[in-house]
J.: 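Starting off with a structure, shown below.
Given the structure is predicted, the values throughout are model-derived calculations rather than measurements. Chain letters run A, B, ... following the sequence lines, proteins first and then strands; every chain starts at 1.
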Protein chains: 2
Amino acid sequence: MKNRLKVLRAEHNYTQAKLAELLDVSRQTVNAIEKGKFDPSLPLAFKAARLFNLSIEEIFQDE
Amino acid sequence: MKNRLKVLRAEHNYTQAKLAELLDVSRQTVNAIEKGKFDPSLPLAFKAARLFNLSIEEIFQDE
DNA sequence: ACTTTTTGTAAAGTTTATTTGACTTTTTGT
DNA sequence: ACAAAAAGTCAAATAAACTTTACAAAAAGT
């Protein structure tokens with residue numbers, strides 16, 4: 001599962017730590033998801049989508 | 001997290017067992033998700049969305 | 001009424017997501 | 001070049017998703 005978190009983070013000038021704080025997860029979780037180590041839970045995907053005002057599909061891609 | 005799986009199932013005349021088979025999960029998993037016992041993983045949410053030709057947000061609602 | 005199908009539920013086990021703490025490497029600012 | 005900040009990573013622990021087996025309750029078909 002790919003995602004655009006790194007780009008979105010750059011666009012918003014967020015550090016991994018800042019994004020983690022906004023999503024209410026640990027910095028390592030953000031890092032791991034960005035690096036494709038695992039997929040976020042559905043609730044976390046929703047949180048990210050709301051944060052960036054995007055649909056889940058616009059952030060995460062199944063391919 | 002709410003979802004419209006039961007309705008979508010009814011619309012397509014799918015039993016829980018049939019939907020489980022199409023989603024490649026156990027029947028109990030479908031049942032548990034429908035009953036709100038836990039949320040699906042993001043990959044599973046994507047599978048359901050593709051199956052019904054809907055966006056994740058059209059099937060699962062955060063509130 | 002009876003039989004079959006579907007749904008609900010529960011326990012025990014496996015896998016995956018997430019945490020915390022610690023440490024290294026890379027990037028950025030001066 | 002140096003210091004500080006950010007990103008990467010690892011191990012051990014907990015939580016949440018998902019499996020299998022098994023059985024009971026409810027719904028549907030004849």
Side-chain angles (χ1 to χ4, degrees):
Chain A
M1 175 110 37
K2 291 166 63 177
N3 67 76
R4 296 185 52 237
L5 282 185
K6 191 173 175 180
V7 172
L8 291 168
R9 229 168 23 78
E11 286 175 1
H12 289 76
N13 266 311
Y14 290 158
T15 145
Q16 287 185 349
K18 181 62 181 176
L19 178 54
E21 180 198 328
L22 292 169
L23 293 177
D24 213 25
V25 293
S26 71
R27 184 181 67 78
Q28 287 86 338
T29 291
V30 168
N31 184 267
I33 291 168
E34 279 193 11
K35 303 291 286 183
K37 288 196 155 196
F38 51 72
D39 299 320
S41 68
L42 185 55
L44 182 48
F46 265 100
K47 265 193 179 179
R50 278 195 315 253
L51 178 60
F52 292 116
N53 268 313
L54 295 171
S55 70
I56 288 181
E57 284 89 347
E58 283 171 324
I59 303 183
F60 303 94
Q61 293 101 21
D62 215 8
E63 258 85 358
Chain B
M1 176 107 41
K2 288 189 187 305
N3 67 77
R4 297 185 51 236
L5 284 185
K6 191 171 174 179
V7 172
L8 291 167
R9 230 167 23 80
E11 287 175 1
H12 290 74
N13 267 312
Y14 289 159
T15 155
Q16 287 185 348
K18 181 63 183 173
L19 177 56
E21 181 197 327
L22 292 169
L23 294 177
D24 212 26
V25 293
S26 71
R27 184 182 66 80
Q28 287 81 345
T29 291
V30 168
N31 183 268
I33 291 169
E34 278 192 12
K35 301 294 285 184
K37 288 196 159 193
F38 52 72
D39 299 320
S41 68
L42 186 54
L44 182 49
F46 264 100
K47 265 193 178 180
R50 277 195 316 253
L51 178 61
F52 292 117
N53 268 314
L54 294 172
S55 70
I56 289 180
E57 283 89 346
E58 284 171 323
I59 302 182
F60 303 95
Q61 295 101 21
D62 214 10
E63 192 40 32

J.: Please report the closest heavy-atom contact between Ile33(A) and Asn3(A), naming both atoms and the distance.
T.: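 Scanning both residues completely, I find the closest heavy atoms to be O-ND2, 3.1 Å.
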J.: Do Leu19(A) and Phe52(A) have side chains that approach each other closer than 4.5 Å (heavy atoms only, starting at C-beta)?
T.: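 Sidechains of Phe52(A) and Leu19(A): in contact.
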J.: Partner lookup for dT30(C), please. Criteria are Watson-Crick or G-U wobble with both distances under 3.5 angstrom; report none if nothing qualifies.
T.: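 dT30(C) is paired, partner dA1(D).
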J.: Any salt bridge linking Glu34(A) with Arg9(A)? Criterion: basic side-chain nitrogen under 4.0 Å from a carboxylate oxygen.
T.: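 The answer is yes: the pair qualifies as a salt bridge.
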J.: What contact category does Thr15(A) fall into here, base, sugar-phosphate, or nothing, at under 4.0 angstrom with non-hydrogen atoms?
T.: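 Thr15(A): backbone/sugar contact only, no base atoms under 4.0 Å.
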J.: Any heavy-atom pair between the side chains of Lys6(A) and Glu11(A) that's under 4.5 Å?
T.: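 No, too far: nothing below the 4.5 Å cut-off.
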J.: Within this structure, what is the CD-to-C1' distance between Glu34(A) and dT26(C), rounded to whole angstrom?
T.: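 It is 15 Å, rounded to the nearest whole Å.
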J.: Rounded to the nearest Å, what distance is computed from the CG atom of residue Asn3(B) to the P atom of nucleotide dA17(D)?
T.: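 So the CG-P distance, Asn3(B) to dA17(D), works out to 13 Å.
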J.: Name the closest nucleotide to the Lys37(A) side chain, picking from dT19(D), dT18(C), dC10(D).
T.: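 Nucleotide nearest to Lys37(A)'s side chain: dC10(D).
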J.: Who does dT30(D) pair with, Watson-Crick or G-U, both distances under 3.5 Å?
T.: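 dT30(D) is paired with dA1(C).
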J.: Is there side-chain contact between Leu42(B) and Leu44(A), with heavy atoms separated by less than 4.5 Å?
T.: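 They are not in contact (no side-chain heavy atoms under 4.5 Å apart), so the answer is no.
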J.: Of the nucleotides dT9(D), dC18(D), dT9(C), which has the atom closest to the Leu44(B) side chain?
T.: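 Looking only at side-chain atoms, Leu44(B) lies closest to dC18(D).
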J.: Quick one: which of dT9(C), dT7(C), dT18(C) gets closest to the side chain of Pro40(A)?
T.: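 Within the option list, the nearest is dT18(C).
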J.: Would you kindly compare Gln28(B) and Gln28(A) by the position of their nearest DNA chain D nucleotide and give the one closer to the 5′ end?
T.: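 Result of the comparison: Gln28(A).
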J.: If I take atom CD1 in residue Ile33(B) and atom P in nucleotide dA16(D), what distance separates them, rounded to the nearest angstrom?
T.: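 Distance check: Ile33(B) CD1 to dA16(D) P gives 15 Å.
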J.: Roughly, in whole Å, what's the span from NZ in Lys35(B) to P in dA26(D)?
T.: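 To the nearest whole Å, that distance equals 11 Å.
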J.: Can you tell me which nucleotide in dG8(D), dC18(D), dT18(C) comes closest to the side chain of Phe38(A)?
T.: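 Of the options given, the side chain of Phe38(A) lies nearest dT18(C).
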J.: Just to confirm, is there a sub-4.0 Å distance from OP1 or OP2 of dG8(D) to any side-chain nitrogen or oxygen of Asn31(A)?
T.: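 Checking Asn31(A) against dG8(D): at least one side-chain N or O falls below 4.0 Å of OP1 or OP2.
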J.: When the distance from CZ of Arg9(A) to P of dT27(C) is rounded to whole Å, what number comes out?
T.: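 Rounding to the nearest Å, CZ of Arg9(A) and P of dT27(C) are 13 Å apart.
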J.: In whole angstrom, what separates Asn13(A)'s CG from dA6(D)'s P?
T.: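 So the CG-P distance, Asn13(A) to dA6(D), works out to 11 Å.
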J.: Scan every strand shown for a Watson-Crick or G-U wobble partner of dA12(C), both distances under 3.5 Å, and answer none if you come up empty.
T.: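 Partner of dA12(C): dT19(D).
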J.: Whole Å only: how far is the CG atom of Asp39(B) from the C1' atom of dA15(D)?
T.: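 Those two atoms, CG and C1', are 13 Å apart.
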J.: Under 4.0 Å, counting only non-hydrogen atoms across every strand here, what does Ser41(A) touch: a base, just sugar-phosphate, or nothing?
T.: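 Sugar-phosphate contact only - Ser41(A) comes under 4.0 Å of backbone atoms but never of a base.
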J.: State, yes or no, whether a side-chain contact exists between Gln61(B) and Arg4(B) at a heavy-atom distance under 4.5 Å.
T.: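 Yes, their side chains come closer than 4.5 Å.
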J.: Please determine, for the side chain of Gln16(B), which listed nucleotide (dT7(C), dT20(D), dG8(D)) has the closest atom?
T.: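 Side chain of Gln16(B) sits closest to dT7(C).
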J.: Please determine whether any donor N or O and acceptor N or O are separated by less than 3.5 Å between the side chain of Arg27(A) and the base of dG21(C).
T.: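 Result: no qualifying N/O pair found.
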J.: Lys6(A) has an atom NZ; how far is it from atom P of dT26(C), in whole Å?
T.: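 My rounded result for the distance is 13 Å.
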J.: Check every atom of dT19(C), dC18(D), dA17(D) against the side chain of Thr29(B) and return the nucleotide holding the closest atom.
T.: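 Closest nucleotide among those given: dC18(D).
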